[in-house]
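The structure displayed is predicted, hence computed values, not measured ones.
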Amino acid sequence: MPALSDVIAALDDLWPPGWAEQWDAVGTVCGDPGAEVNRVLIAVDPVRETADEAVELGADLLLTHHPLYLRGTNTVWAGTFKGHVVHTLIRNGVALHVAHTNADRADPGVSDALAGAIGLRVVAPLVPDPADPSGRRGLGRICELDAPEPLARFAERVAAALPATAQGVRAAGDPGRPVRTVAVCGGSGDSLFDEVRAAGVDAYVTADLRHHPASEAVQHAARTGGPALVDAAHWATEWPWCEQAAAQLDSVSQRHGWGLRVHVSRTVTDPWTIHAASAPADGAAPTTHTGAPN
């Protein structure tokens, strides 16, 4: 069996820490470099549920997309939920490693996995990494469908492709609008509206779209053209990366003869748990909902 330090070196080859945004917190959070690694669990969030799942599974390493301490801390007291996660992992010999925006920027990366889940063909990065001479790395992806389909049907495609969440999938735009070219960004993507408009795509799939940026994007599209919006749950748009990462780590394990057993968590750690559809106010026109909640 490989040592944790060997596995971490392999993970850093897949997703070099230097590719992460300056504000990010990636890398190894806890673990003994000399400890043997036999089993790995991959998840989006380093929360109590996935820590407990790693322990129950007998995993030696928990690999997550989201950081545990994004803004740093001065305590790992077990009375806090993050401290409890650290204590649970260390007490049970489970290391924690994070690949966040370095995995977003990778080739293949988080947005490639999202595009693949939806059934899109990746054409190019949405925001190319200037340090990549191949032009394949970067944030987000520009993609194509094999054949155009109405926005309403495309939203249903996205909802069917991603794991079920209480939020489901929302879309903004003419339900009958043809969609052929699509930009995708796993996780929060409303900071990339300028790049999406410049790409000239028909639709944009991402998560965490806030009211004002989304409203401005819709108004901009009505006046001068621009993409329809498809908004899914943050966790759901990034979960496909877990399966992609598992396949990559399996390949590394086979190449080195490690015999790692790599698992993907299917525990839904999206924070939203209830979706209650709004009823129209008296005298108001009923709202048309296109697509179906997951």
[X], [Y]: one ILVMFWY side-chain cluster at the under-4.5 Å cut-off?
{"X": "Val26", "Y": "Leu14", "result": "no"}
{"X": "Leu145", "Y": "Val205", "result": "yes"}
{"X": "Leu70", "Y": "Val86", "result": "no"}
{"X": "Val94", "Y": "Val76", "result": "yes"}

Are side-chain heavy atoms of [X] and [Y] found at a separation under 4.5 Å?
{"X": "Pro108", "Y": "Gln248", "answer": "yes"}
{"X": "Leu162", "Y": "Leu114", "answer": "yes"}
{"X": "Arg48", "Y": "Phe81", "answer": "no"}
{"X": "Arg39", "Y": "Leu57", "answer": "yes"}
{"X": "Arg136", "Y": "Pro125", "answer": "no"}
{"X": "Trp239", "Y": "Thr165", "answer": "no"}
{"X": "Val262", "Y": "Ile42", "answer": "yes"}
{"X": "Leu11", "Y": "Leu61", "answer": "yes"}

Query raised in the report: Just checking, is any N or O donor in the side chain of Glu53 or Thr267 under 3.5 Å from an acceptor N or O on the other one?
Result: yes
Requested in this report: Ignoring hydrogens and angles, state whether a donor on the side chain of Thr101 or Asp24 is under 3.5 Å from an acceptor on the partner side chain.
Outcome: yes
Query - Steps toward side chain to side chain contact (heavy atoms under 4.5 Å, CB included) verdict (Asp190, Asp208) - result: CA-CA 7 Å; Asp190 62 12; Asp208 296 341; 6.0 Å; no
Requested in this report: Any chance you could lay out the salt bridge (charged side-chain N to carboxylate O under 4.0 Å, His left out) test for Arg137 and Asp107, step after step, and finish with the verdict?
Outcome: CA-CA 5 Å; Arg137 289 201 315 265; Asp107 172 38; over 6 Å; no
Query raised in the report: Tell me, which pairs form a side chain to side chain donor-acceptor pair (under 3.5 Å) where one or both residues lie in residues 211-223, sequence neighbours left out?
Result: His220-Thr224
Query raised in the report: Could you give all pairs that pass the side chain to side chain donor-acceptor pair (under 3.5 Å) test and reach residues 138-152, with sequence neighbours left out?
Result: Asp112-Arg141, Arg121-Glu144, Arg121-Asp146, Glu149-Arg157
Query - Listed partners of His65 passing ring-ring contact (aromatic ring centres under 6.0 Å, His included), at least two apart - result: His100, Trp241
Requested in this report: Not counting sequence neighbours, which residues clear ring-ring contact (aromatic ring centres under 6.0 Å, His included) with His256? List them please.
Outcome: Trp258
So, the side chain of [X] versus the backbone of [Y]: is there a donor-acceptor pair under 3.5 Å, distance only?
{"X": "Ser5", "Y": "Gly34", "answer": "no"}
{"X": "Asp270", "Y": "Trp272", "answer": "yes"}
{"X": "Glu238", "Y": "Val110", "answer": "no"}
{"X": "Ser253", "Y": "Leu249", "answer": "no"}
{"X": "Ser111", "Y": "Gly186", "answer": "yes"}
{"X": "Thr206", "Y": "Gly189", "answer": "yes"}

Query raised in the report: Trp19: which other cluster members, linking ILVMFWY side chains closer than 4.5 Å, directly or transitively?
Result: none
Query raised in the report: Taking ILVMFWY side chains as joined if any heavy atoms are under 4.5 angstrom apart, and letting links pass through other members, which residues group with Val218?
Result: Leu126, Val127, Leu139, Ile142, Leu192, Phe193, Val196, Val201, Tyr204, Leu209, Leu229
Query - Taking every non-hydrogen atom, the tightest pair across Ala155 and Ala171 - result: CB-CB, 4.1 Å
**Report entry** Cys143 versus Val184, closest heavy-atom pair with distance
**Finding:** SG-CG2, 4.0 Å
Query - Test log, rule side chain to side chain contact (heavy atoms under 4.5 Å, CB included), inputs Asp231 and Gln167 - result: CA-CA 9 Å; Asp231 181 44; Gln167 173 181 320; 3.5 Å; yes
Query - Within 6.0 angstrom of Arg153 CZ, more than 12 heavy atoms from elsewhere - result: no
Report task. Check step by step if side chain to side chain contact (heavy atoms under 4.5 Å, CB included) holds for Val98 and Leu68. Result -> CA-CA 8 Å; Val98 174; Leu68 179 64; 5.6 Å; no
Requested in this report: With Val182 as reference, evaluate Leu120, Val123, Val230, Asp202 under the side-chain contact (heavy atoms from CB on, under 4.5 Å) test and give the passing residue.
Outcome: Leu120
Report task. Given side chain to side chain contact (heavy atoms under 4.5 Å, CB included), test Leu96 with Thr64 step by step and report yes or no. Result -> CA-CA 8 Å; Leu96 173 61; Thr64 65; 3.9 Å; yes
